[in-house]
Amino acid sequence: MLQPSRTKYRYYHRAKARGIAKGGTDLSFGAYGLKALEGGWVSDRQIEAGRVALIREVGKTGKLWIRVFPDMPRTKKPLETRMGKGKGGIEGWYACVKRGRILFEIEGLAPDAAAAAMRLAASKLPVKTRLVTRTDQL
């Protein structure tokens, strides 16, 4: 799974997933991309599931770029634990995705194959997405 090798602090304040993304809103590498239409939290497992689905479709002919990284820890206290005694342990790693952010980019596929691959990857993610192409940005 994706996770940072080390962080400056053990715990972080939870970021807001609402609003519009400041950066990462345009295609930079590939010809097709998956753009978030709403804000939300994407876990490392969901990013990995989308990556695996895309790799199976892309194969050796295309190239894949992952444009989000789960760098925020999500904590949880154990069940039936009394209040207090500090924050809970780290449960997993998440990426805060805002509206307009590009999540995945691919290149080297036919348009219909790229649309099918991105549809498959979008089904693994908890946010609404749409396919964007390089010609959409011109």
Side-chain angles (χ1 to χ4, degrees):
M1 295 298 143
L2 291 172
Q3 70 180 32
S5 56
R6 55 190 299 261
T7 58
K8 187 170 183 179
Y9 302 107
R10 180 192 265 175
Y11 302 123
Y12 287 89
H13 286 283
R14 190 167 172 200
K16 302 290 183 216
R18 54 182 191 255
I20 301 171
K22 242 170 81 171
T25 58
D26 295 327
L27 292 177
S28 299
F29 306 104
Y32 305 98
L34 199 62
K35 186 177 229 179
L37 295 179
E38 64 183 5
W41 292 84
V42 183
S43 73
D44 55 347
R45 291 176 181 270
Q46 291 161 340
I47 294 170
E48 180 67 13
R51 184 194 69 82
V52 168
L54 282 173
I55 285 292
R56 285 192 180 139
E57 292 293 317
V58 170
K60 294 182 194 276
T61 59
K63 188 152 173 48
L64 169 70
W65 291 270
I66 303 170
R67 297 283 306 274
V68 291
F69 186 79
D71 57 349
M72 293 291 290
R74 177 70 64 91
T75 61
K76 186 176 183 183
K77 288 184 80 83
L79 290 174
E80 299 180 9
T81 304
R82 294 184 179 196
M83 293 288 104
K85 306 275 191 281
K87 200 168 181 170
I90 292 175
E91 175 192 53
W93 295 89
Y94 290 79
C96 182
V97 173
K98 294 192 176 195
R99 186 166 39 105
R101 177 73 189 212
I102 300 288
L103 305 172
F104 296 105
E105 290 187 36
I106 57 174
E107 186 177 35
L109 289 178
D112 55 342
M118 288 297 190
R119 199 175 312 114
L120 195 61
S123 67
K124 312 288 184 193
L125 299 173
V127 294
K128 290 180 187 170
T129 57
R130 77 177 173 94
L131 175 72
V132 292
T133 62
R134 179 87 51 192
T135 57
D136 292 345
Q137 295 180 1
L138 298 177

Notebook entry, point to check: Under a 4.5 Å cut-off applied to non-hydrogen side-chain atoms, are Ser43 and Trp93 in contact?
Noted result: no
Checklist line | Gap between atom NZ of Lys60 and atom CD1 of Ile55 - 0.5 Å precision | finding: 10.5 Å
Next item on the list: Could you list all the salt bridge (charged side-chain N to carboxylate O under 4.0 Å, His left out) pairs where at least one residue sits in residues 21-39, not counting sequence neighbours?
Entry: none
Check: How does the hydrophobic cluster around Met1 look, that is, which other residues are in it when side-chain heavy atoms under 4.5 Å mark a link?
Finding: none
Notebook entry, point to check: So, for Thr129 and Ala36, which heavy atoms are closest and what is the spacing to 0.1 Å?
Noted result: CG2-CA, 4.1 Å
Notebook entry, point to check: Can you list every pair that meets ring-ring contact (aromatic ring centres under 6.0 Å, His included) and has a residue in residues 63-86, with sequence neighbours left out?
Noted result: Phe29-Trp65
Notebook entry, point to check: For the hydrophobic clusters of this structure (ILVMFWY residues joined by side-chain heavy atoms under 4.5 Å, transitively), does one cluster hold both Tyr32 and Ile102?
Noted result: no
Item checked: Residue pairs passing the ring-ring contact (aromatic ring centres under 6.0 Å, His included) test where at least one lies in residues 100-134, sequence neighbours excluded -> none
Notebook entry, point to check: If two hydrophobic side chains count as joined below 4.5 Å and joins carry through other members, does Val68 share a cluster with Met118?
Noted result: yes
Note to self: Working to the nearest 0.5 angstrom, can you tell me the gap between Met83 CE and Lys85 NZ?
What the structure shows: 11.5 Å
Item checked: The single option from Leu125, Val127, Ile106, Leu54 passing side chain to side chain contact (heavy atoms under 4.5 Å, CB included) against Leu34 -> Leu125
Notebook entry, point to check: Rounded to the nearest 0.5 Å, how far apart are CD1 of Ile47 and NZ of Lys124?
Noted result: 14.5 Å
Notebook entry, point to check: What pair of heavy atoms forms the shortest contact from Met72 to His13, and how long is it?
Noted result: CE-O, 3.1 Å
Checklist line | Exercise: identify the closest heavy-atom pair between Gly50 and Ala121 | finding: O-CB, 4.0 Å
Notebook entry, point to check: Which heavy atom in Ala21 sits nearest to a heavy atom in Gly100, and how many Å separate them?
Noted result: CB-C, 4.4 Å
Notebook entry, point to check: Taking only residues two or more places apart in sequence, or in another chain, which ones meet Thr25 in a side-chain hydrogen bond (donor to acceptor under 3.5 Å, both in side chains)?
Noted result: none
Check: Would you say the side chain of Tyr11 lies within less than 4.5 Å of the side chain of Ile90, judging by non-hydrogen atoms?
Finding: yes
Check: From Glu57 CD over to Leu64 CG, what is the distance, rounded to the nearest 0.5 angstrom?
Finding: 12.0 Å
Checklist line | Which residues share a side chain to side chain contact (heavy atoms under 4.5 Å, CB included) with Thr81, sequence neighbours left out | finding: Lys77, Pro78
Margin query: The criterion is side chain to side chain contact (heavy atoms under 4.5 Å, CB included); which residues satisfy it with Glu91, sequence neighbours excluded?
Written below: Arg74, Lys76, Tyr94
Note to self: Under the ring-ring contact (aromatic ring centres under 6.0 Å, His included) definition, can you give me all pairs with a residue in residues 111-135, not counting sequence neighbours?
What the structure shows: none
Note to self: Arg51: which residues meet the salt bridge (charged side-chain N to carboxylate O under 4.0 Å, His left out) condition with it, sequence neighbours left out?
What the structure shows: Glu48
Check: Any side-chain heavy atom of Thr61 sitting closer than 4.5 Å to one from Leu109?
Finding: yes
Checklist line | Heavy-atom closest pair, residues Pro70 and Pro4 | finding: O-CD, 3.4 Å
Check: Could you state the interatomic distance from CZ (Arg82) to CD (Glu80), rounded to the nearest 0.5 Å?
Finding: 11.5 Å
Item checked: Inter- and intrachain pairs under salt bridge (charged side-chain N to carboxylate O under 4.0 Å, His left out), touching residues 95-112, at least two apart -> Arg67-Glu105
Checklist line | Which residues share a side chain to side chain contact (heavy atoms under 4.5 Å, CB included) with Pro126, sequence neighbours left out | finding: Val42, Gln46
Notebook entry, point to check: Where is the tightest heavy-atom contact between Trp41 and Ala17, given as atom of each residue plus distance?
Noted result: NE1-CB, 4.1 Å
Margin query: Under the rule for side chain to side chain contact (heavy atoms under 4.5 Å, CB included), what residues qualify as partners of Ala115, not counting sequence neighbours?
Written below: Arg119, Leu131
